[in-house]
A.B. asks: 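Below you'll find the structure I mean.
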Amino acid sequence: MENRHMDKNINNDVINNLFFVDGSLRDFYAFNVDLDDWQKLYEYIHNTNWKIILYKDGQKYDEEDTNVYKLFKQKENHSIMMTINIKDILINCYFFYYTEIEFDIDPKEVKSESDLNIVFDFMKKIANTLGKESILTLESDPDHPLVTAHSDGTLLINI
């Protein structure tokens with residue numbers, strides 16, 4: 001595998017090697033987190049201009065004062081999902097575990113250099129907000145990062 005730093009030219013090879021369509025998703029992770037980290041990221045996301053939709057048992061869920069503590073409590077008896085729409089790229093979160101933050105994206109969403117920049121910017125914002133690295137992996141493969149975003153804004157691509 002070749003390591004590349006991402007401040008150089010982004011090209012179609014990166015898209016083809018990271019976001020090939022094979023029926024699986026790509027996952028974003030941040031590890032070693034707690035509910036306070038979740039809340040910090042949740043507040044950051046809600047203070048952006050991104051379109052955010054919460055779902056409870058598959059239905060749109062509008063509760064203005066919702067926080068992650070309430071969402072994890074409701075998750076005990078309900079399916080909870082948050083969709084973040086950044087310029088028509090959909091990133092989903094299911095609040096699986098307290099100790100790791102996980103989002104997923106369908107690789108079909110990433111078709112251009114502009115789309116790729118949105119994804120990488122999202123990863124950098126997660127890392128910066130939490131002060132922890134965030135990684136992009138193949139679906140359910142957190143031990144093999146394809147891309148690592150460090151909290152200082154640097155990206156490392158392993159393809």
Side-chain angles (χ1 to χ4, degrees), residues 3-7 10 14 18-19 24-107 109-110 115-159:
N3 289 338
R4 295 188 209 178
H5 286 290
M6 266 321 290
D7 294 327
I10 299 172
V14 174
L18 296 177
F19 293 97
S24 69
L25 301 172
R26 298 300 171 273
D27 292 333
F28 304 97
Y29 292 97
F31 297 109
N32 301 314
V33 299
D34 57 25
L35 282 176
D36 291 339
D37 291 321
W38 268 99
Q39 185 61 31
K40 187 188 311 181
L41 185 59
Y42 187 80
E43 288 172 8
Y44 172 82
I45 289 167
H46 278 81
N47 286 317
T48 66
N49 60 357
W50 302 334
K51 296 176 197 151
I52 297 133
I53 301 173
L54 275 175
Y55 295 92
K56 181 175 170 183
D57 297 329
Q59 303 295 313
K60 273 191 182 181
Y61 174 56
D62 296 317
E63 187 175 312
E64 288 299 316
D65 66 343
T66 297
N67 61 50
V68 294
Y69 308 97
K70 289 181 184 179
L71 292 175
F72 273 102
K73 184 70 179 154
Q74 291 180 16
K75 181 109 176 92
E76 294 172 10
N77 299 305
H78 301 279
S79 161
I80 302 291
M81 179 178 121
M82 175 174 62
T83 297
I84 304 166
N85 181 331
I86 308 172
K87 297 183 180 173
D88 296 324
I89 293 179
L90 303 179
I91 301 171
N92 300 305
C93 179
Y94 298 91
F95 302 92
F96 288 130
Y97 306 107
Y98 296 92
T99 57
E100 70 182 37
I101 295 173
E102 180 182 345
F103 296 92
D104 68 33
I105 185 170
D106 188 325
E109 303 273 327
V110 183
D115 296 342
L116 192 62
N117 286 330
I118 289 168
V119 169
F120 287 163
D121 190 51
F122 178 76
M123 291 182 67
K124 289 177 187 178
K125 286 184 164 102
I126 292 171
N128 183 264
T129 300
L130 296 174
K132 302 171 190 275
E133 59 183 40
S134 67
I135 63 170
L136 174 73
T137 71
L138 296 176
E139 185 172 8
S140 302
D141 193 12
D143 295 330
H144 300 99
L146 301 171
V147 179
T148 302
H150 298 279
S151 59
D152 66 1
T154 59
L155 277 182
L156 179 64
I157 298 182
N158 300 306
I159 56 171

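Residue numbers run from 1 in the order of the sequence given.
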A.B. asks: Looking at V33, is its backbone amide N or carbonyl O close enough to the side chain of T99 to form a donor-acceptor pair, meaning the two atoms are under 3.5 Å apart?
C.D. replies: no
A.B. asks: Given the rule in the side-chain contact (heavy atoms from CB on, under 4.5 Å) test, do I159 and V14 qualify, once you have shown the distances and angles that lead to the verdict?
C.D. replies: CA-CA 8 Å; I159 56 171; V14 174; 4.2 Å; yes
A.B. asks: Might you work through the side-chain contact (heavy atoms from CB on, under 4.5 Å) test for L41 and I101, ending with a clear yes or no?
C.D. replies: CA-CA 9 Å; L41 185 59; I101 295 173; 3.9 Å; yes
A.B. asks: Within the side chain of K132, is there an N or O that forms a donor-acceptor pair under 3.5 Å with the backbone of N32?
C.D. replies: yes
A.B. asks: So does D36 pair up with K40, basic N to acidic O under 4.0 Å?
C.D. replies: no
A.B. asks: State whether a side-chain donor-acceptor pair under 3.5 Å links Y98 with D37.
C.D. replies: no
A.B. asks: Please determine whether the number of non-hydrogen atoms from other residues, nucleotides or ligands lying under 6.0 Å from atom OH of Y69 exceeds 12.
C.D. replies: yes
A.B. asks: Please report the interatomic distance CH2(W50) to CD1(I89), rounded to the nearest 0.5 Å.
C.D. replies: 11.5 Å
A.B. asks: Is it the case that the side chain of D27 and the backbone of S140 share a donor-acceptor pair, with hydrogens and angles ignored and the cut-off at 3.5 Å?
C.D. replies: yes
A.B. asks: Do the side chains of F19 and V119 get nearer than 4.5 Å, heavy atoms only?
C.D. replies: yes
A.B. asks: Find out whether N92 and I105 are in side-chain contact, i.e. whether some heavy atom of one side chain is under 4.5 Å from a heavy atom of the other.
C.D. replies: no
A.B. asks: With a 4.5 Å limit on heavy-atom distance, are the side chains of L138 and L146 in contact?
C.D. replies: yes
A.B. asks: Between NE2 of H78 and CG of L71, what distance do you get to the nearest 0.5 Å?
C.D. replies: 11.5 Å
A.B. asks: With a 6.0 Å cut-off (strictly less than), is the heavy-atom count around CG of D152, excluding the residue itself, greater than 12?
C.D. replies: yes
A.B. asks: With the side chain counted from C-beta on, respond yes when V147 and F28 share a heavy-atom pair under 4.5 Å apart, and no when they do not.
C.D. replies: no
A.B. asks: For L90, does its backbone N or O pair with a side-chain atom of E109 as donor and acceptor, under 3.5 Å?
C.D. replies: yes
A.B. asks: Got a second to check how far L54's CG is from D62's CG, nearest 0.5 Å?
C.D. replies: 8.0 Å
A.B. asks: Using modelled atom types and a 3.5 Å cut-off, is there a donor and acceptor pairing between side-chain atoms of T154 and backbone atoms of H150?
C.D. replies: no
A.B. asks: So does K51 have more than 12 non-hydrogen atoms from other groups sitting under 6.0 Å from NZ?
C.D. replies: no
A.B. asks: Which atoms form the tightest heavy-atom contact between L136 and M123, and what is the distance?
C.D. replies: N-CE, 3.5 Å
A.B. asks: In terms of relative ring orientation, are H46 and Y42 parallel, tilted or perpendicular, with 30° and 60° separating the classes?
C.D. replies: tilted
A.B. asks: Sub-3.5 Å donor-acceptor pair from the side chain of T129 to the main-chain atoms of I126, do we have one?
C.D. replies: no
A.B. asks: Verify side-chain contact (heavy atoms from CB on, under 4.5 Å) between M82 and I45, making sure each step is shown before the conclusion.
C.D. replies: CA-CA 11 Å; M82 175 174 62; I45 289 167; 4.2 Å; yes
A.B. asks: Is a salt bridge present between K73 and E76, judged by a nitrogen-to-oxygen distance below 4.0 Å?
C.D. replies: yes
A.B. asks: Quick check, are the ring centers of Y94 and F103 under 6.0 angstrom apart?
C.D. replies: no
A.B. asks: Is it true that a side-chain atom of R26 and a backbone atom of L18 form a donor plus acceptor pair closer than 3.5 Å?
C.D. replies: yes
A.B. asks: Out of curiosity, D141 CG to S24 OG, how far, rounded to the nearest 0.5 Å?
C.D. replies: 10.0 Å
A.B. asks: What is the minimum heavy-atom distance between P142 and I135, and which atoms define it?
C.D. replies: O-CD1, 3.4 Å
A.B. asks: Treating W38 as the side-chain partner and Y97 as the backbone partner, does any N or O pair qualify as donor plus acceptor under 3.5 Å?
C.D. replies: yes
A.B. asks: Which atom pair, heavy atoms only, marks the closest approach of N158 to P145?
C.D. replies: ND2-O, 3.4 Å
A.B. asks: To the nearest 0.5 angstrom, please state how far the SG atom of C93 sits from the CD1 atom of I80.
C.D. replies: 11.0 Å
A.B. asks: Please find out if less than 6.0 Å separates the ring center of F120 from that of F122.
C.D. replies: no
A.B. asks: For V68 and F95, run side-chain contact (heavy atoms from CB on, under 4.5 Å): C-alpha distance rounded to whole Å, both residues' side-chain angles, the deciding distance at 0.1 Å, then the answer.
C.D. replies: CA-CA 9 Å; V68 294; F95 302 92; 4.2 Å; yes
A.B. asks: Say you draw a straight line from CG of L116 to CD1 of I118; how long is it, rounded to the nearest 0.5 Å?
C.D. replies: 9.5 Å
A.B. asks: Under 3.5 Å, is there a donor on one side chain and an acceptor on the other for N128 and S151?
C.D. replies: no
